[in-house]
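Everything on this sheet refers to the single structure shown next.
The chains referred to below are lettered A, B, ... by the order of the sequence lines, with proteins before strands, and numbering in each begins at 1.
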Protein chains: 2
Amino acid sequence: MVECRQCQSVSEVVKAGFLRGRQRFYCKTCQVHFTVELPAASPQKAARQTTIIDIAKSLGVAPSTVSRALNGSTDINSLTRQEILRVANEMDYRPNLLAQSLHRGETHTIGVVIPNIERPFFAGVLAGIQNVATEAGYRVMICQSNESHSTETLNVQALIASRVDGLLISHSKETTSFEHIRLQLKKGLPIVHFDRVCNEVETAKVVQEDFEGSFALVEHLIQQGCRRIAVCAGPPQLLISQTRLEGYKAALCHYGLPLDDTLIYHTEFKQSESLTALNHWLSLPEPPDGIFAIHYGNAIELLVELKRRKIQIPTEIAVVGFGDELIAELIEPSLTVFHLFPFEMGETAASLLIDNIIHRDTFSLIIKKMRGELRIRKSSMRL
Amino acid sequence: MVECRQCQSVSEVVKAGFLRGRQRFYCKTCQVHFTVELPAASPQKAARQTTIIDIAKSLGVAPSTVSRALNGSTDINSLTRQEILRVANEMDYRPNLLAQSLHRGETHTIGVVIPNIERPFFAGVLAGIQNVATEAGYRVMICQSNESHSTETLNVQALIASRVDGLLISHSKETTSFEHIRLQLKKGLPIVHFDRVCNEVETAKVVQEDFEGSFALVEHLIQQGCRRIAVCAGPPQLLISQTRLEGYKAALCHYGLPLDDTLIYHTEFKQSESLTALNHWLSLPEPPDGIFAIHYGNAIELLVELKRRKIQIPTEIAVVGFGDELIAELIEPSLTVFHLFPFEMGETAASLLIDNIIHRDTFSLIIKKMRGELRIRKSSMRL
DNA sequence: GGCGTTTTCGGAAACGTTTTCGATAGGTAT
DNA sequence: ATACCTATCGAAAACGTTTCCGAAAACGCC
């Protein structure tokens, strides 16, 4: 039936089971197993990018020579290099970064994890990161946690799988455990926290003037004559929420105003929460005469709602918030904010990380605080 | 002086030049060249991610077996798999996507080129892209052209170097030549255009209702009694600018209004250009009684400037624009817009691209048009 | 026990680079 | 010529996977 592949004999060949769907044979004389060949598959080759080997073949030189020509090694004849570069250009050669990275053990890519790319603050940070990274020859890979802890963990794992050289992360509001960070840190991965940082892990960090900004805003309200200042706080587990709340408390304390827990309302950065907060405050026996919103989104919402209810701003209730948005300037009345600089924060974080990547040995653990600016506008100008 | 590496003889060894800084020798008997060994380099090994080989070694099995265990092949004993998975988990194994992609010839990554990540429209598109891509198991790599043609070309090359499986692109306002796109298309790379598309290349496209939206906005102005409608157009080389301008012209024509070129002003999407435009229009013998801004940014700027000059909106001049922004709703007077849905556009573009990647043979060249919505607000309600 | 079969695993090639090592062909002084 | 040297190139290993091929052992059935 079937010829042995080696001795061509037919008589000594016996069947020997199936292997991956194909009949298998055994030649007793040669003592060898084999299967019949499948007809060659589709000769249709998928279009590929040109490789160093393609260039080498077309010129009759070795791949190593081509590599040398492309990488500016001196170990090559200038005529050879010239010719290779010509052909490479002709064939539109683009080095395969996968192969390069695999070989080098570094990708020249940094990973970024943010809660949400649509929030203008984070978009600004991203732009700053890209700016510095591109300048330094690094690529950027962006993941969104969508404010979910499990997604954030998956993001980190995905970036690790892509073998990023370093990690920039701003935590989701859900995140209270930092094992996923600590694990990578232990493996020696450079990590820089920004904005929503945490104290539990030893990384370099870039933060806002959360305490100082809150203090300044509340101080400003007090100076404008407010005596019962409500605060629209963020998720209590988030460190920046806590810090900003402490700034609020410190300002009250500093000016001898009582701390009233009924004036503190925690939100989750969601739509129309500020409405519930407002209802709560207005139902108090002594409603507030000033509101400090940790998040500009809440401040805007409150402004709109107060206007709808025909409550005078700032005379009946003054409003201030953290923020960096154009809208704060354009809305009426314009909103007093502690202005942030997301782009610069992104730049700072990225350059810190890249510095840590390059000088891996002297891993710096500094904490940089970005400067903010109190911008006083109509929503709080009572005097 | 020096022993031959093979025969240990000393007498037959002669110097033979220098090789990369090290003295080279030649043994006449063995006819062999050699250099003296350098002392072994730093034994300090950089921390690495664990590999399949690490797992294999720690269990005494072959790497191929580990691979089988991890990839759910049936060709493996369930106890072996169990043990391998246990160790893999213990060592926090993460597959090296570089190696996987290099082997498979595909990266499961799509590249995105946008003009600017800080523009809320594009941030929204990105979010939509990420949403669909993540769902389909694809990663996303984002580049900004910063409205520069050369940067856009570099972006495309960088993404090609990263061997993305497909490309989503919205052109810079400078881009009038599309060779960088055509080149990749010729190599068989799936490409989908969105928003700022072009007609010169045969790709699938996702566009807005640019013509229809313009027509609807201008029609609305006419119905509100406007008779001299100015248009704040975009960069003339941009296709969407042209299309929106044509919608404007078509509406005028349809309602029998004359076309006046002095009412058309082209901007470059830059700060405070609308000011110059406004000055120009107001200096005309017959100033406009309505303004249509192609870009919401210009519309907002115009609104602010008109207010500053105490020009009544909409009675003296009505304002409308394209846009998707919250700010249009909050500014006073609120802005009438043709509302866009960037998130949905991103989703559509990404699913179109991924479809093209998966069914590479039946490359679909359809053009999808996203639905917009005319949202009438105070800036144009004269009746 | 012999034949046919299945299960389970290892070896090796391949993906596209870079880099190390070594070989060769010419130099240039004696 | 001889001894030493330099310039230029090729071969091969390595990076971490997957996959193809085949081998060995165990299994089933007369």
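B:His103 places its NE2 atom 12 Å from the C1' atom of C:dA12, with the value rounded to the nearest Å. Rounded to an integer number of Å, the gap from B:Ile76 CD1 to C:dT6 P is 20 Å. Summarising the geometry, the separation between CG on B:Leu102 and P on D:dA14 is reported as 17 Å, rounded to the nearest angstrom. Between the CD1 atom of B:Ile53 and the P atom of D:dT17 there is a distance of 7 Å, rounded to whole Å. Atom CG of A:Asp75 and atom P of D:dT8 are 8 Å apart (whole Å).
In this structure, the side chain of B:Asn155 engages the main chain of B:Gln144 through a donor-acceptor pair within 3.5 Å. Remark: the backbone N or O of B:Ser145 is not paired with any side-chain donor or acceptor of B:Glu152 at under 3.5 angstrom. Under a 3.5 Å cut-off, the side chain of B:Arg360 and the backbone N or O of B:Gly188 do form a donor-acceptor pair.
Between B:His171 and B:His193, the distance separating the two ring centers is shorter than 6.0 angstrom.
Between A:Asn77 and D:dA7 there is no side-chain N or O to OP1 or OP2 distance below 4.0 Å. Phosphate proximity of C:dT8 to B:Thr80: absent, as no side-chain N or O sits under 4.0 Å from OP1 or OP2.
Two end axes, each from the C1' atoms of five base pairs, can be drawn for the helix from C:dG1-D:dC30 to C:dT30-D:dA1; they diverge by 40°, to 10 degrees.
Contacts between residues 54-72 of chain A and DNA chain D, defined by a heavy-atom separation under 4.0 Å, are made by A:Gly60, A:Val61, A:Ala62, A:Ser64, A:Thr65, A:Arg68. Residues of residues 87-95 of chain A that place a heavy atom closer than 4.0 Å to DNA chain D do not occur.
Taking for each of B:Ser78 and B:Ala99 the nucleotide of DNA chain C with the nearest heavy atom, the 5'-most of the two is the partner of B:Ser78.
For A:Asn96 against C:dC15, no side-chain N or O and base N or O form a donor-acceptor pair under 3.5 Å.
At a threshold of 4.0 angstrom between heavy atoms, the contacts of A:Ser101 with the nucleic acid are absent.
A:Leu159 contributes atom CG, which lies 10.0 Å from atom OG1 of A:Thr109 (distance to the nearest 0.5 angstrom).
Residue B:Gln100 places its side chain closer to D:dT17 than to any other of D:dA14, C:dT8, D:dT17.
A:Ser64 and A:Ser67 share no donor-acceptor pair across their side chains, judged by distance under 3.5 Å alone.
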